[in-house]
Protein chains: 2
Amino acid sequence: MNFTERQIEIIDASKDLIGRKGIQNLTIKNLAEKMSFSEPALYRHFKDKTEILKSLLLFHREIIKSGIFKILNSNQSSLEKFQKILKFKFDHIKKNPAIVMIIFSETSFQYSSVLSSIVSKIMKQRSKKIIELLKEGQKNNEIRNDIDPEQLATIIMGGIRKTILNWKLEGFKSDLNLEGEKLWITIEKLIKK
Amino acid sequence: MNFTERQIEIIDASKDLIGRKGIQNLTIKNLAEKMSFSEPALYRHFKDKTEILKSLLLFHREIIKSGIFKILNSNQSSLEKFQKILKFKFDHIKKNPAIVMIIFSETSFQYSSVLSSIVSKIMKQRSKKIIELLKEGQKNNEIRNDIDPEQLATIIMGGIRKTILNWKLEGFKSDLNLEGEKLWITIEKLIKK
DNA sequence: ATAAAGTTAGTTAACACTAACTAACATATT
DNA sequence: AATATGTTAGTTAGTGTTAACTAACTTTAT
């Protein structure tokens, strides 16, 4: 996961293309055009297109992972941690709409298998973290004890995704951070003791 | 929305193709092969590919709509209605994995605008119905009054979608109806008074 | 006899990717 | 210091494949 400067430029350009018109807008032609060089030049920096997409995903996973890691290992109540994680996520998504496009595309093209396996892996890891945090909160008597943490995680993650999806379907016009705050208020009411 | 016999056969074949390998598996070539006729024969029944997809979506919307209508207008408590709706949805999805594939996909770019506008319209209508039902439940003192119905709807729909997505990512192996029941138990605990 | 439903044989356009080559620069050898 | 060798990052021109779709003709059913 050590990228050259040029590779990062290409990843950024890919992000931009996807963020504008979805993953189907990421073609070698468009990417080369955006980079202001010829199509074959891309292959000096990445083996193939899948490798570009993969790099884009892994690059972002690292950012989110370290952000969440910091929150989880901080000195706050579980509910506060939850709030911070939500805020962090919505913030990051707002700045990187490309991620939304990828996360909600899943199926796309021939590289779908590579992509969806990475996406589903990331989702599983996140789910695990949330379940741990819920259990911690239940131990600390902050969160209701009568509910299965796994189901709760499904609902919370589902709520986050749905909020993001609504934002996308409205053409990214609404204030995602505000929607995130509203979501948190509801979630907190539902889960706290 | 009056389809000929042959059109319905084509819609069914499309459903099958999508259900097996996702929306990218719905090509004119594959569809003609499945129908055991040549590719141009398709164009005797539908103007173009987008029209096929549109028909597929509208066809199903009707089924779900009338199913939910029956439940909403029945003589049950709001919570019971909720449970029935969830059951109905998971049942229908289980029988029609193609719908999942479409709902969770962002299609290639010619027909994406048509498709996503239909999908988002359907989602909005569903959301409206759920919000109404939540309000009804709050009036009847079945459902907690201290929570914004709109936010609650987002969380519930998100939970449903996430459950379905998990099922998809596990290769449709788990028992979706069972997962649906577990989800309902949690939702009920969270929202009831 | 006519209209509906099919056929064959194509078109056009987009796609990812490759072959062959080159200018500019970096490093090693004498 | 000058030459030889190698590398990086690009070029032009072109490949094969797949996609949706069409024109023109044929068969089938009423």
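Everything numeric in this text was worked out from a predicted model, so none of it was measured. Values below: every heavy atom of this structure, side chains too, minus hydrogens, waters and symmetry copies. Every chain is numbered from 1, with letters handed out A, B, ... down the list of sequences.
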Point to revise | Inter-end axis angle, the helix from C:dA1-D:dT30 to C:dT30-D:dA1, with every axis fitted to five base pairs (rounded, 10 degrees) | key: 10°
Whole-Å distance between [N] [atom2] and [X] [atom1]?
| X | N | atom1 | atom2 | answer |
| --- | --- | --- | --- | --- |
| B:Leu42 | C:dA4 | CG | P | 18 Å |
| B:Tyr43 | D:dA24 | OH | C1' | 17 Å |
| B:Asn25 | D:dT18 | CG | C1' | 14 Å |
| A:Glu39 | D:dT15 | CD | C1' | 13 Å |
| B:Phe37 | D:dT28 | CZ | P | 16 Å |
| B:Gln24 | C:dC15 | CD | P | 17 Å |
| B:Glu51 | D:dA20 | CD | C1' | 15 Å |
| B:Leu26 | D:dC21 | CG | C1' | 15 Å |

**Study point:** Close residues, residues 27-36 of chain A, relative to DNA chain C [heavy-atom separation under 4.0 Å]
**Key:** A:Thr27, A:Ile28
Between [N] and [X], is there an OP1 or OP2 to side-chain N/O distance shorter than 4.0 Å?
| X | N | result |
| --- | --- | --- |
| A:Ser38 | D:dT11 | yes |
| B:His45 | C:dG6 | yes |
| B:Arg44 | C:dT7 | no |

Backbone of [Y] reached by a side-chain donor or acceptor of [X] within 3.5 Å:
| X | Y | value |
| --- | --- | --- |
| A:Asp175 | A:Asn177 | yes |
| A:Glu188 | A:Leu183 | no |
| B:Glu142 | B:Ser78 | yes |
| A:Glu132 | A:Lys129 | no |
| B:Asn96 | B:Ile99 | no |

Check your understanding: Out of D:dA20, C:dT8, C:dT18, which nucleotide sits closest to the side chain of B:Pro40?
Key -> C:dT8
Review point. Nearest of C:dT7, D:dT11, D:dA20 to any side-chain atom of B:Lys49?
Key: D:dA20
Practice item. Would you please classify the geometry between the A:Phe46 ring and the A:Phe3 ring as parallel, tilted or perpendicular, with 30° and 60° separating the classes? Key: tilted
Check your understanding: So does B:Lys81 pair up with B:Glu136, basic N to acidic O under 4.0 Å?
Key -> yes
Review point. Regarding A:Glu179 and A:Thr163, is there a side-chain donor-to-acceptor distance under 3.5 Å anywhere?
Key: no
Review point. Just checking, any donor-acceptor pair under 3.5 angstrom between side chains of A:Lys162 and A:Asn166?
Key: yes
